[in-house]
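Along the sequence shown, the residues carry numbers beginning at 1. Keep in mind that this is a model prediction, so the values were computed, not measured. We count ligands from 1, going down the list as the structure has it; atoms in each ligand are counted the same way.
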Amino acid sequence: MLIDSGLKKDYERLVETESVLPIKVSDFYLKKVNDEIEHIGTGGPLYRSVLPTKERITLKADHETRDYVEEDKHLPINGVDYIMQKYDDRVLEMITDTCFAHCQYCFRTYNLARFQNSNSKETIKNKVSVLKEYLSKNKKISEVILSGGDPLSIGYDNLSCALRGLKDYNTRIHTRAIVYQPEVFSEETIDLLKENDTRLVFHINHPYEICDVVEEKIRLLGKSGIRLYSQFPLLRGINDNHVVLNQLLSRMDDLRIRPLSIFIPDPISYGASFRVNFKRVVQIMNDLNWSTPSWVNSTRFVMDTTIGKVRHENIKEWDGDCIIFARDGKEVKYYDINEALDAPSDIETLLWRDNL
Ligand code: SF4
């Protein structure tokens, strides 16, 4: 059985009452999850990525919020909730609220579920034209980030409308389509991305997400000259060990994917089971740093906050579970997950296939 029926019911109740995203897994990814279950049972790294565990719905940490980065406070246009701006030179558009699968750890769970349930759906064409008008009045902006949801889920015609409409800007797409639905990168779509010089930022969290099919698509994308990057979260039960990170980053390096950042998960509601205590984050960072070549360990560990992205170097004060980060003259308090709630994952489970 994929999921215990009692747990499924409890989870569905949260979907109804707490704006948690419903379970959604693509057939492509489900095959890998089933293979994992066959070998190690439920609760392995790919399982936890898309299916709830008991811990996921019961573990709570102090000071959790629904939207830690307060996306609602960064909406520059009155009445438009899908365009966000935190920095002068770039803007983010949530081009869609649809994903190929729902990640259990998604930090945007609340806003995404809210968008999915909202009745006021804008067409992609409208969204692009509202953004273009905003860009025409804000000349400092040179970069557009298309996010979501998954921008690759909007279909070729919509993607073409968005990319061609934004061709005068540095445009990057954040996507997990490569691991959930690699077939979406058709020849036609690859040509479109190439033609518009779009940067692709993959969110790949675990080395077992890169199977032969995924590898072949990445190689095709790379061969076509599209710039490929990666960023992903550090997630308990999925990749919270420097050996896993080394394997993942090395594999992506072989495939010519340039790593940007590893995100420390936000303290969001129902996110505690994925969080890693900050002392352990530092330990993982150091272990990675001292055991790998620079093309692996140069990846930045960052945290997204209301004052922008911060790193270890931005820590101003650290008192127990309260850490104060400072940046650009501003400060933000972060409440860490208590050590007692954080149990390091077992490497034999994280990398079960290596031990077969
Ligand atoms: S693909 Fe991205 S936006 Fe969609 S559920 Fe996963 S993390 Fe969230």
**OP:** Using a 4.0 Å heavy-atom cut-off, say whether Cys99 meets ligand 1 through its side chain, its backbone, both or neither.
**Re:** side chain
**OP:** Just go through Pro233, Cys106, Gly148, Ser49 and tell me whose heavy atom is the nearest to atom 8 (Fe) of ligand 1.
**Re:** Cys106
Original post:
Between Arg176 and Asp150, is the closest basic N to carboxylate O distance under 4.0 Å?
Top reply: no
Subject >> Heavy-atom side-chain contact between Cys103 and His203 under 4.5 Å >> reply: no
Original post:
How about His102: does one of its N, O or S atoms come closer than 2.8 Å to atom 8 (Fe) of ligand 1?
Top reply: no
Original post:
How long is the span from the CG atom in Asn239 to the CD1 atom in Ile284, to the nearest 0.5 Å?
Top reply: 8.0 Å
Subject >> Pair Glu36 + Arg353, salt bridge at N-O below 4.0 Å >> reply: no
Original post:
Any heavy atom of Leu112 sitting closer than 4.0 Å to ligand 1?
Top reply: yes
Original post:
Quick check: does Cys103 put an N/O/S atom under 2.8 Å from atom 6 (Fe) of ligand 1?
Top reply: yes
**OP:** Take atom 3 (S) of ligand 1 and look for protein heavy atoms under 4.0 Å from it; say yes if you find one, no if not.
**Re:** yes
Subject >> Salt bridge present between Arg280 and Asp240 (N-O < 4.0 angstrom) >> reply: yes
Subject >> CG-CD1 distance between Asp10 and Ile57, expressed to the nearest 0.5 angstrom >> reply: 4.5 Å
**OP:** Can you sort out which atoms of ligand 1 are near Gly149, meaning under 4.0 Å from one of its heavy atoms?
**Re:** 3 (S)
